[in-house]
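Below, read A as the first sequence line, B as the second, and so on, with proteins coming before strands; counting in each chain starts at 1.
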There are 2 protein chains.
Amino acid sequence: MPQNQTKYSYIAEEIRNRILNHQYPENQAIPSEVSLAKEFSCSRMTMKKALEVLVLEGLLYRKRGHGTFIIKSALRGEQLPIYNQEVSGFTKLLNGKNVQSEVIHFEVIFPDETVQAKLNITSETPIYDILRIRMVGDEPYVLEHTFMPVTLIPGMTQTVLENSVYRYIQEELGLRIASSYKQIRADKPSELDQKYLLCKAEDPIIEVEQTVYLNSGTAFEYSLSRHRYDKFVFKVINVVRG
Amino acid sequence: MPQNQTKYSYIAEEIRNRILNHQYPENQAIPSEVSLAKEFSCSRMTMKKALEVLVLEGLLYRKRGHGTFIIKSALRGEQLPIYNQEVSGFTKLLNGKNVQSEVIHFEVIFPDETVQAKLNITSETPIYDILRIRMVGDEPYVLEHTFMPVTLIPGMTQTVLENSVYRYIQEELGLRIASSYKQIRADKPSELDQKYLLCKAEDPIIEVEQTVYLNSGTAFEYSLSRHRYDKFVFKVINVVRG
DNA sequence: TAGTGGTCTAGACCACAGA
DNA sequence: CTGTGGTCTAGACCACTAC
């Protein structure tokens with residue numbers, strides 16, 4: 001048992017690995033709560049919490065009176081809980097690929113009414129106004145327009161923007177992200193979209209509007225990400241609770 | 001305390017109502033776990049579970065050492081957990097409005113390879129092949145192409161299709177929905193889209209591809225819903241766990 | 001030091017399914 | 001009947017914050 005980790009998340013990790021390594025047969029129930037609790041020397045409640053993590057990831061489902069089963073389609077790749085299970089930036093999502101960011105626009109301004117409402121700030125609160133194009137290899141993927149209060153995220157630089165803003169916020173500033181709210185819609189491409197995403201006037205755009213909150217309950221980012229329609233799919237897993 | 005409901009979900013409901021009715025000040029912590037547990041005569045664990053429900057709904061956030069706070073933006077309407085928190089059909093989402101469904105196509109066929117893979121069935125398993133246009137008032141909203149195994153959902157009729165398939169499945173057949181997997185993307189309109197959604201060739205389409213699973217772990221629905229871009233927004237709430 | 005939420009325990013009772 | 005998961009309890013200890 002490693003330090004600095006809760007028991008249930010350690011157990012969840014271990015069982016997740018077993019599932020992904022096919023150490024449990026796919027066509028029958030995995031061991032029961034009681035026997036797993038015995039194996040891991042924990043209480044039944046803790047084991048339940050560990051398994052709950054995997055249920056919410058879409059890897060397991062449980063049925064009273066029957067047992068706990070592996071969701072086979074989750075093993076086949078495809079439907080992995082990538083996009084909506086973690087609040088992370090673009091950089092993390094495309095881990096391993098050659099991701100670059102080009103800063104098109106970066107200044108400090110005062111917010112308009114929309115941004116004031118989204119970030120819950122007054123018109124006198126200075127914000128960063130950032131426009132970036134994100135590239136994978138040589139190809140443009142997404143045009144991101146981001147607004148963040150300067151006082152919350154001090155010391156933003158061109159270098160940070162070209163790398164990972166989220167890494168800076170979490171590792172350098174030590175802030176914790178608590179939640180995000182996204183709205184996804186389709187739109188026609190603007191001239192800006194066409195210019196930077198290299199798309200045609202008849203190509204749709206898929207837009208993700210996002211507000212991200214810190215642990216403290218304050219909104220720190222409002223952003224509009226406009227993606228090429230041929231290079232973006234948003235995945236959502238949904239588990240009925242109770 | 002009503003029958004037929006768990007204690008924690010009853011408590012969550014009660015506290016949710018208090019929040020929405022502004023019975024707790026927005027700018028300070030709501031009562032602590034311990035005091036709420038005393039008020040509702042429950043253990044601290046049960047109260048924690050009740051509050052956890054509201055955290056996952058995006059209504060509350062909690063901070064160790066500080067307390068439990070209301071997420072104000074959730075009260076302002078806008079960011080309500082409508083679309084992704086419940087696995088429900090179109091009928092329920094637009095509750096109260098005049099929703100109509102017109103069945104364009106309804107027959108039993110054998111699945112192609114894509115549908116076989118999505119529903120995890122063989123080419124000899126008969127399925128319903130359903131094409132419906134959903135209207136709100138006089139306006140077309142979404143064109144839904146749905147595939148369901150006949151053996152799982154027996155007795156499908158034109159009348160059911162014109163009303164709510166989900167209600168039929170849950171109330172008439174007594175089946176329980178466990179989870180769903182969605183992929184959201186933008187696309188150009190096909191001729192079918194243009195004909196039924198009354199959209200122009202340059203209007204984008206937003207497509208939701210969905211597989212829905214029953215309690216038993218079997219997939220019962222694979223569908224492609226194509227929405228008018230000016231009448232559909234997909235909302236996602238995301239809470240960091242741990 | 002006191003108060004908050006987070007984790008963990010050992011055990012109880014219940015609902016549901018299959019033999 | 002046994003075995004499964006779901007709920008609930010009463011209490012413990014810990015981590016974090018504020019005073």
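- The interatomic distance linking A:Ile11 (CD1) with C:dT7 (P) rounds to 13 Å, in whole Å.
- For the pair B:Lys48 NZ and D:dA12 C1', the interatomic distance rounds to 13 Å; values are reported in whole Å.
- A salt bridge links B:Glu209 to B:Lys118: at least one charged side-chain nitrogen sits closer than 4.0 Å to a carboxylate oxygen.
- One interatomic measurement links the two molecules: OH of B:Tyr10 to P of D:dG6, which rounds to 24 Å at whole-angstrom precision.
- Computed from coordinates, the B:Leu51 CG to C:dT7 P distance equals 14 Å when rounded to whole Å.
- Regarding contacts with the backbone of D:dG6, every side-chain N or O of B:Thr6 stays at 4.0 angstrom or more from both OP1 and OP2.
- Taking side-chain N and O atoms only, A:Ser43 has no distance below 4.0 Å to OP1 or OP2 of C:dG11.
- Distance, B:Arg44 CZ to D:dC13 C1': 10 Å, rounded to whole Å.
- In this model, the phosphate group of C:dC8 is not approached by any side-chain N or O of A:Tyr8 to a distance below 4.0 Å at OP1 or OP2.
- If you check every strand for non-hydrogen atoms under 4.0 Å, B:Ser9 touches nothing.
- Closest to the B:Thr46 side chain, of the nucleotides D:dT17, D:dT9, D:dG6, is D:dT9.
- Distances shown here put every side-chain N or O of B:Lys63 at or beyond 4.0 Å from the OP1 or OP2 atom of C:dG6.
- An OP1 or OP2 oxygen of D:dC8 is reached within less than 4.0 angstrom by no side-chain nitrogen or oxygen of B:Lys49.
- Put simply, B:Thr68 has no side-chain N or O that comes within less than 4.0 Å of OP1 or OP2 on C:dT4.
- Nucleic acid contact class of B:Ser41 (heavy atoms, under 4.0 Å, all strands): sugar-phosphate only.
- Remark: A:Glu33 engages A:Arg62 in a salt bridge, criterion side-chain N to carboxylate O under 4.0 Å.
- The separation between A:Phe69 atom CZ and C:dA17 atom P is 12 Å, rounded to whole Å.
- Panel note: side chain A:Asp112, backbone A:Thr114; a donor-acceptor pair is recorded below 3.5 Å.
- Separating the CZ atom of B:Arg62 from the C1' atom of D:dA15 is a distance of 15 Å, rounded to the nearest angstrom.
- When the side-chain nitrogen and oxygen atoms of B:Ser32 are compared with OP1 and OP2 of C:dG3, none of them lie within a distance under 4.0 Å.
- A distance-only check finds a donor-acceptor pair linking the side chain of A:Tyr128 to the backbone of A:Met156 [under 3.5 Å].
- For C:dG6, the OP1/OP2 oxygens have no side-chain nitrogen or oxygen of A:Lys7 closer than 4.0 Å.
- Note on B:Glu52 versus B:Lys48: no salt bridge recorded, every NZ/NE/NH1/NH2 to OD/OE distance being 4.0 Å or above.
- The CZ atom of A:Arg64 sits 7 Å away from the C1' atom of D:dG5 (whole-angstrom rounding).
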